[in-house]
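In this text the structure is predicted, and so the values were computed from the model without any measurement. Numbers restart at 1 for each chain; the letters A, B, ... are given by sequence-line order, proteins then strands.
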Amino acid sequence: MSQGKRNFFEDVYSVVKKIPFGKVTSYGSIAKYIGSPQSSRMVGWAMNSSHNIHDVPAHRVVNRKGLLTGKHHFEGTNLMQQLLESEGIKVHENKILNFSNVYWDPVINLPPFKK
DNA sequence: ATTCTGACGTGGG
DNA sequence: CCCCACGCCAGAA
């Protein structure tokens, strides 16, 4: 009880860890998958706390337009883009090219969420 | 307690 | 396609 917040963070990380190599998803999709479709902003907040955790591929999470909105929170100026391009994803002007082709939706590709 | 902000999303023009 | 206003919710000042 009343630990929903902590689970929320863990839930977000567990989903992000399952994003396949070379694919990306959005904050909103993650929020929707874990049962809080209106807390997409909190997903971003959770990612902010994932800085310490190296198991979480935060670079594979972008906004619904395919923009690298969190890029500024990575080290250096272009780390996020570098990581994505190292996985074969093309990026131009902070935006993922051929977005629909590399987009991976947990709601569709994972079994129903259960805690 | 109140106000503002933010790694967002949707709807309307 | 772009831009704007609004809704959301947790944390900081």
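- Between the CG atom of A/Leu79 and the CG atom of A/Leu68 there is a distance of 11.0 Å, given to the nearest 0.5 Å.
- Of the two residues near DNA chain C, A/Gln38 and A/Lys95, the one whose nearest nucleotide lies more 5' is A/Lys95.
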Using a cutoff of under 3.5 Å, can you pull out all pairs of nitrogen or oxygen atoms linking the protein to nucleotides 6-8 of chain B, with atom names and distances?
residue, atom, partner, partner atom, Å
B/dG6, N7, A/Arg41, NH2, 2.8
B/dG6, O6, A/Arg41, NH1, 3.3
B/dA7, OP1, A/His73, NE2, 2.8
B/dA7, O5', A/His73, NE2, 3.4
B/dA7, N6, A/Met47, O, 3.1
B/dA7, N3, A/Tyr27, OH, 2.9
B/dC8, OP1, A/Thr69, OG1, 2.9
B/dC8, O2, A/Ser40, OG, 3.4
B/dC8, N4, A/Arg41, NH1, 3.3
B/dC8, N4, A/Arg41, NH2, 3.0

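- Once rounded to the nearest 0.5 Å, the distance linking CG of A/Asn48 with CH2 of A/Trp45 reads 6.5 Å.
- Distance NZ (A/Lys65) to P (B/dT10): 11 Å, rounded to an integer number of Å.
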(message) Assess the residue pair A/Ile34 and A/Asn7 against the criterion (side-chain contact (heavy atoms from CB on, under 4.5 Å)); give the C-alpha distance rounded to whole Å, side-chain angles, the decisive distance to 0.1 Å, and a yes or no.
(response) CA-CA 10 Å; A/Ile34 63 180; A/Asn7 279 334; over 6 Å; no
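- Counting heavy atoms of neighbouring residues, nucleotides and ligands inside a 6.0 Å radius, atom NZ of A/Lys32 does not exceed 12 of them.
- Closest approach of A/Met80 and A/Ala58 over heavy atoms only: CE-O, 4.2 Å.
- Separating the CZ atom of A/Phe8 from the C1' atom of C/dG11 is a distance of 14 Å, rounded to the nearest angstrom.
- For the pair A/Ile34 CD1 and C/dC8 P, the computed distance is 18 Å after rounding to whole Å.
- What you find for A/Leu67 and A/Val62 is that their closest heavy atoms are O-CB, 3.4 Å.
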